[in-house]
**Q** 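The structure is given below, and queries will be raised subsequently.
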Amino acid sequence: MPLQIRRNRCLAFLRGNLLTLLTIIGVVSGTLLGWSLRATGHEWSRREVMYFQYPGELFLRMLKCLIVPLLVSSIVSAIASLDLSLSGKVGLRAIVYYMTTTVCAVMLGIVLVTTIKPGKDPDYKQPNVTKVIKKETLTTDTLLDLIRNVFPENLVQATVATYRSKLTFDKNDTKAIKGHLETYKIEGEYQTGSNVLGLVCFSIVLGITLGKMGEKSRPLQNFFHSLSEAMMIITSWVIWMSPLGVFFLVTAKIMEIDSFQELIGRLGLYFMTVLLGLFLHGFGTLSVLFILTTKKLPCRYIAKMGQVMATAFGTASSSATMPITIGCCDEMGLDPRITRFVIPIGATINMDGTALYEAVAAIFIAQLRKVEMSFGKIVAVSVTATAASIGAAGIPQAGLVTMVMVLDTVNLPAEDVSLILAVDWLLDRFRTTINVVCDALGAIIVTSLSQNDIDKTRAVQNELEHAPAHELAELEKGDH
Ligand code: ASP
């Protein structure tokens, strides 16, 4: 090939992928700088680390600020513009995909942790754990809260707070039941953090309603459509901050870690088990599913997700990465009505990486604590790990909090979470990357499966647009 052509192709590739390359360079150089700053031997104070993190924090804040308006407007406008039966089919396909992949991830995690047995060590001394998470609720409460949050009582409040039950213990309560020394009151409180699940649910209902209202809802549909477009334009500006943002976030994170000693030994083996699981799930299970459903190879698509993966790794938040995931799907030429419908929902409830990690971590801790795992217990772990991943917010280390629920099923105390704390910050980044890749692949799969239906509806719409006026009047009469 002549040199000139080769150079032109190279330039075109660089131009097309400049931002992705810069973001990946940001992650790599952030890691290197973090290590070098540690290697200087200087004890970095919290304030110094905060200064390093500051530009990254600003980037994260910009992304987070887009989440609520983008999530609501995207879902409402996407569902309203889809034909009702089509949005039902798309929604069903997305849910089947989310459930299938999550269950596969949990099963893969269980197979790996029970064969590798990272926590089995006869000489292992039972560690003392520090209380990091105080147990304030039962698993049942957590599950009930999940459903409560699906139905927010106040929409404005849902944008800033999430409902949570709290058990208040009272040792002097005379109503103590026989066999229980303590009794408790069940109280509810609102915690800071958007109730994304509630917002998603309300947006779906609003979208369906607008779709049903037809022409009468046009102004509101246009409003949500423009809002979502405007948010995507802001995203395209914020995205240029990502190389610098992830660079500083990664550097500061590496600087603040106490030691990397934990990556060697038992905890290292656990780390490798989760990592292997994430890798096999991302490049094995998801790829096979992709090939089976779309009859195409996923490599080309995964290669286009570099920007999304680097941002997910740098921010450790699938919610914050959501605007970038939608942008990436737009660039791949997917139908925006489908991506704006399935990506925000996926970012909220579909977390395969988290589900796999929850299952592996719970069984690893059980192995360390020498708790026998019966088949029944393993099934219970799979079910709660799936629920815990659905309930986990798309924010850094949210999985660690819902982990308490999984530990509860094997009768392990919530404090045992501290056994895996040391490596969680790094695992979080890898599992978030798989979470977002799974969402993006899901959008491609659902689009491909829905293509026939989309074409059919488009054909009907075309026919309607070109039908003579008297035929339209006849049709409308028939509708009423
Ligand atoms: N950080 C993850 C996410 O945002 C959730 C978790 O596993 O902690 O997807």
Side-chain angles (χ1 to χ4, degrees), residues 27 56 59-61 63-64 66-68 70-71 98 101-102 105-106 108-109 132-133 142 146 162 193-197 200 242 245-246 249-250 253 270-271 273-275 277-279 281-282 286 305 308-326 328 342-362 364 384-407 414 417-418 420-442:
V27 173
F59 165 64
L60 211 53
R61 291 174 82 94
L63 280 181
K64 280 186 183 166
L66 296 171
I67 299 173
V68 172
L70 180 60
L71 180 112
Y98 296 153
T101 54
T102 306
V106 170
L108 176 65
V132 281
I133 292 178
T142 316
L146 193 69
T162 314
S194 314
N195 171 10
V196 182
L197 211 53
V200 164
S242 52
V246 295
L249 284 173
V250 173
K253 195 72 216 176
Y270 151 73
F271 180 85
T273 312
V274 179
L275 214 57
L278 294 177
F279 182 82
H281 184 68
L286 291 183
M305 290 176 200
V308 175
M309 291 196 263
T311 313
F313 188 86
T315 60
S317 164
S318 19
S319 290
T321 315
M322 184 189 71
I324 297 179
T325 320
I326 296 183
C328 168
V342 299
I343 296 281
I345 301 179
T348 313
I349 61 168
N350 182 38
M351 296 193 189
D352 291 8
T354 307
L356 185 142
Y357 139 87
E358 305 251 4
V360 175
F364 166 72
T384 41
T386 308
S389 73
I390 296 174
I395 54 171
Q397 299 196 308
L400 203 60
V401 180
T402 50
M403 182 70 207
V404 175
M405 197 166 107
V406 192
L407 286 181
V417 161
S418 60
I420 51 166
L421 207 59
V423 291
D424 200 69
W425 66 275
L426 190 53
L427 271 186
D428 187 21
R429 284 156 200 271
F430 287 109
R431 60 184 193 251
T432 310
T433 308
I434 291 297
N435 289 347
V436 297
V437 167
C438 183
D439 293 340
L441 287 179

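Starting from 1, each residue takes its place in the sequence as its number. In each ligand, atom 1 is the first atom listed, and ligand 1 is the first ligand listed.
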**Q** On the 0 to 90° scale, with breaks at 30° and 60°, tag the F271-F430 ring pair as parallel, tilted or perpendicular.
**A** perpendicular
**Q** Starting from atom 2 (C) of ligand 1, find the nearest protein heavy-atom neighbour and note its residue, name and distance.
**A** T432 OG1, 3.3 Å
**Q** For E358 and S389, which I'm curious about, is there any donor-acceptor pair between the side chains at under 3.5 Å?
**A** no
**Q** Any idea which atoms of ligand 1 are less than 4.0 Å away from a heavy-atom of S317?
**A** 4 (O)
**Q** Could you verify whether a donor N or O on one side chain and an acceptor N or O on the other, from Q397 and D428, lie under 3.5 Å apart?
**A** no
**Q** How far is atom 8 (O) of ligand 1 from its nearest protein heavy atom, and which residue and atom name does that atom have?
**A** G399 N, 2.7 Å
**Q** Taking only heavy atoms of N435 into account, list the atoms of ligand 1 that are under 4.0 Å away from them.
**A** 3 (C), 9 (O)
**Q** What part of L400 sits under 4.0 Å from ligand 1 if we count only heavy atoms: the side chain, the backbone, both or neither?
**A** neither
**Q** Determine whether I434 and Y357 make a side-chain contact, defined as any pair of heavy atoms from C-beta on separated by less than 4.5 Å.
**A** no
**Q** So do the side chains of N435 and T321 get within less than 4.5 Å of each other, counting heavy atoms only?
**A** no
**Q** With atoms numbered from 1 as shown, which atoms in ligand 1 lie under 4.0 angstrom from a non-hydrogen atom of A398?
**A** 6 (C), 8 (O)
**Q** If we set the cut-off at 4.0 Å for heavy atoms, which region of S318 has an atom near ligand 1: side chain, backbone, both, or neither?
**A** both
**Q** Polar-atom distance check: T354 versus ligand 1, any N or O pair below 3.5 Å?
**A** yes
**Q** Side chains of D439 and V308, heavy atoms from C-beta outward: is any pair under 4.5 Å?
**A** no
**Q** Within the structure provided, determine whether N350 and T102 are in side-chain contact (heavy-atom separation under 4.5 Å).
**A** yes
**Q** Consider ligand 1: state whether an atom of it lies below 4.0 angstrom from any non-hydrogen atom of A316.
**A** yes
**Q** For the pair T162 (side chain) and G193 (backbone), establish whether a donor and an acceptor sit closer than 3.5 Å, ignoring hydrogens and angles.
**A** yes
**Q** Taking distance alone, with N or O pairs closer than 3.5 Å, would you say A393 contacts ligand 1?
**A** no
**Q** Among all protein heavy atoms, pick out the one at the shortest distance from atom 1 (N) of ligand 1; state its residue, atom name and that distance to 0.1 Å.
**A** D428 OD1, 2.7 Å
**Q** With atoms numbered from 1 as shown, which atoms in ligand 1 lie under 4.0 angstrom from a non-hydrogen atom of Q397?
**A** 1 (N), 8 (O)
**Q** Between the main-chain N or O of G394 and the side-chain N or O of S317, is there a donor-acceptor pair closer than 3.5 Å?
**A** yes
**Q** Below a 4.0 angstrom heavy-atom separation, can you tell me which part of R431, side chain or backbone, both or neither, approaches ligand 1?
**A** side chain
